[in-house]
Visitor: 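Dropping a structure here in structure tokens format, bear with me for questions.
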There are 2 protein chains.
Amino acid sequence: MKMTYTIVELRDYLKRHDIKPSTIRIKVLEYLLNNRIHPTADDIYQSLINDIPTLSKTSVYNTLELFMKKGVVNALSLKEKELRYDINTYFHGHFRCEICGNVYDFPVSEKIIAVEELKGFVIRNVDINVYGICKKCNEKIKNKEEK
Amino acid sequence: MKMTYTIVELRDYLKRHDIKPSTIRIKVLEYLLNNRIHPTADDIYQSLINDIPTLSKTSVYNTLELFMKKGVVNALSLKEKELRYDINTYFHGHFRCEICGNVYDFPVSEKIIAVEELKGFVIRNVDINVYGICKKCNEKIKNKEEK
DNA sequence: ATTTAATTTTGTATTAATTTCAATTTTATT
DNA sequence: AATAAAATTGAAATTAATACAAAATTAAAT
């Protein structure tokens with residue numbers, strides 16, 4: 001894992017979001033900031049269990065729940081069994097490749113929800129989820145066909 | 001339930017989608033066409049169990065799985081435990097009210113995914129999911145505050 | 001510093017939607 | 001009617017997520 005953030009930075013990040021910085025919370029935050037792969041709770045757990053041998057899954061869930069409430073992460077519901085978590089809370093879309101399973105970010109205009117039919121509706125959250133085959137996997141398929 | 005479709009129409013609808021029209025499939029299709037509430041598998045099961053007392057949940061899941069494969073329905077993943085199913089396969093967005101739980105449709109331009117970052121990507125499906133408070137629930141809240 | 005209170009973390013048990021799969025039933029074919 | 005193919009059932013398994021009480025840690029108060 002890349003070590004891009006100091007403990008002080010991580011603590012401050014949490015404090016700014018009104019979260020008391022415990023060891024677990026700092027580690028989960030560090031993982032999310034350094035691994036922008038839209039991980040599942042289990043991804044995070046598996047990665048941290050080496051560092052914190054006493055870590056429980058419940059703690060990971062608790063932490064993510066708190067992070068969501070405080071606006072640190074967003075949950076992604078991508079037609080999979082497991083939820084994924086995204087530390088990038090800026091407005092953007094997600095593309096999940098049906099072959100490799102990777103999730104890509106892409107920019108979207110917020111204007112798309114400025115429609116007559118939603119006047120009077122209070123909008124809290126917008127998810128743009130696209131499913132298909134990513135560029136890499138598509139090129140692999142093309143190469144095979146050409147041989 | 002509104003009776004808007006004849007058996008012949010339902011059978012033809014399935015046949016056109018390359019699905020052999022069994023009783024269960026006709027009933028599930030009829031329910032989906034007449035109840036455009038984005039139902040869960042359980043909603044469908046609970047509604048049909050009166051008509052077909054021997055119906056099993058597995059059959060509902062099997063039918064929905066087949067319908068998805070054949071492009072009759074789309075599954076909605078709205079950050080709930082259960083998946084919902086939508087017989088309207090035209091491009092549109094979904095708004096789920098966090099208070100009443102209702103899911104509303106709204107129009108979206110397909111252009112939103114015409115971005116540079118997705119060039120070379122094969123797009124199979126697009127979900128636009130919006131979360132918040134619907135007009136009705138919002139007006140109720142406003143009225144309470146005014147009293 | 002020690003006691004007390006508050007918070008966080010853990011671990012086990014539970015929940016519930018979905019899946020698996022073999023057995024049964026129904027439908028279609030010869 | 002017999003046989004083959006397809007659809008349906010029901011029970012068991014799976015598994016992500018939740019609930020919650022006990023344990024551990026941290027913070028506050030004396």
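Labels below follow one simple rule: chain letters A, B, ... track the order of the sequence lines, proteins then strands, and each chain is numbered from 1. Not measured: the values here are computed from a predicted model.
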Visitor: So, using salt bridge (charged side-chain N to carboxylate O under 4.0 Å, His left out) as the criterion, who are the partners of Asp12(B) when residues are at least two apart?
Guide: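 In terms of salt bridge (charged side-chain N to carboxylate O under 4.0 Å, His left out), with neighbours along the sequence ignored, Asp12(B) is linked to no residue.
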Visitor: In residues 79-88 of chain B, what residues come within less than 4.0 Å of DNA chain C, judged by heavy atoms?
Guide: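 Going residue by residue through residues 79-88 of chain B, the ones with a heavy atom under 4.0 Å of DNA chain C turn out to be Lys81(B), Glu82(B), Leu83(B).
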Visitor: How many whole angstroms separate atom CD1 of Ile19(A) from atom P of dT7(C)?
Guide: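 Roughly 16 Å, once rounded to whole Å.
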Visitor: Can you list, pair by pair, the side-chain donor-acceptor contacts under 3.5 Å of residues 95-107 of chain B, counting residues two or more places apart and other chains?
Guide:
| from | atom 1 | to | atom 2 | distance (Å) |
| --- | --- | --- | --- | --- |
| Arg96(B) | NH1 | Leu78(B) | O | 2.3 |
| Glu98(B) | OE1 | Arg124(A) | NH1 | 2.9 |
| Asp105(B) | OD1 | His38(B) | NE2 | 2.8 |
| Asp105(B) | OD1 | His92(B) | NE2 | 3.4 |
| Asp105(B) | OD1 | His94(B) | NE2 | 3.3 |

Visitor: Who are the salt bridge (charged side-chain N to carboxylate O under 4.0 Å, His left out) partners of Arg84(A), not counting sequence neighbours?
Guide: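 Counting only residues at least two positions away or on another chain, Arg84(A) forms a salt bridge (charged side-chain N to carboxylate O under 4.0 Å, His left out) with Glu80(A).
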Visitor: Could you list all the side-chain hydrogen bond (donor to acceptor under 3.5 Å, both in side chains) pairs where at least one residue sits in residues 106-116 of chain A, not counting sequence neighbours?
Guide: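 Of all non-adjacent pairs touching residues 106-116 of chain A, those that pass side-chain hydrogen bond (donor to acceptor under 3.5 Å, both in side chains) are Glu116(A)-Lys119(A).
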Visitor: Once side chain to side chain donor-acceptor pair (under 3.5 Å) is applied, do any residues pair with Thr54(A), and if so which ones, sequence neighbours excluded?
Guide: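 Thr54(A) satisfies side chain to side chain donor-acceptor pair (under 3.5 Å) with no residue once adjacent residues are dropped.
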Visitor: For residues 42-90 of chain B, which residue pairs pass the ring-ring contact (aromatic ring centres under 6.0 Å, His included) check, not counting sequence neighbours?
Guide: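 Passing the test, one end in residues 42-90 of chain B: no pairs.
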Visitor: Using the test salt bridge (charged side-chain N to carboxylate O under 4.0 Å, His left out), find all partners of Asp127(B) that sit at least two apart in sequence or belong to another chain.
Guide: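 So Asp127(B) forms a salt bridge (charged side-chain N to carboxylate O under 4.0 Å, His left out) with Lys79(A).
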Visitor: So which protein N/O to nucleotides 8-10 of chain C N/O distances come out below 3.5 Å?
Guide:
| from | atom 1 | to | atom 2 | distance (Å) |
| --- | --- | --- | --- | --- |
| dT8(C) | OP1 | Arg25(A) | NH1 | 3.0 |
| dT9(C) | OP1 | Ser22(A) | OG | 2.5 |
| dT10(C) | OP1 | Thr54(A) | O | 2.9 |
| dT10(C) | OP1 | Thr54(A) | OG1 | 3.1 |
| dT10(C) | OP1 | Leu55(A) | N | 3.4 |
| dT10(C) | OP2 | Ser56(A) | N | 3.3 |
| dT10(C) | OP2 | Ser59(A) | OG | 2.4 |
| dT10(C) | O5' | Thr54(A) | O | 3.3 |

Visitor: Extract, from 5' to 3' on DNA chain D, the first and final nucleotides lying under 4.0 angstrom from some heavy atom of chain B.
Guide: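 Counting from the 5' end, contacts occupy dA6(D) to dA11(D).
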Visitor: Quick one: does Leu83(A)'s side chain get under 4.5 Å of Leu76(A)'s, heavy atoms only?
Guide: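 No; the side chains remain at least 4.5 Å from each other.
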Visitor: Please list all pairs meeting side-chain hydrogen bond (donor to acceptor under 3.5 Å, both in side chains) that have one or both residues in residues 63-73 of chain B, counting only residues at least two apart or in different chains.
Guide: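 Sorted pair list: Asp18(B)-Lys70(B).
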Visitor: Can you list everything that forms a salt bridge (charged side-chain N to carboxylate O under 4.0 Å, His left out) with Lys57(B)? Sequence neighbours excluded, please.
Guide: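 Residues passing salt bridge (charged side-chain N to carboxylate O under 4.0 Å, His left out) with Lys57(B): Asp42(B).
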Visitor: Taking atom P of dA17(C) as reference, at what distance in whole Å does atom NZ of Lys57(B) sit?
Guide: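 Going from NZ in Lys57(B) over to P in dA17(C) covers 7 Å.
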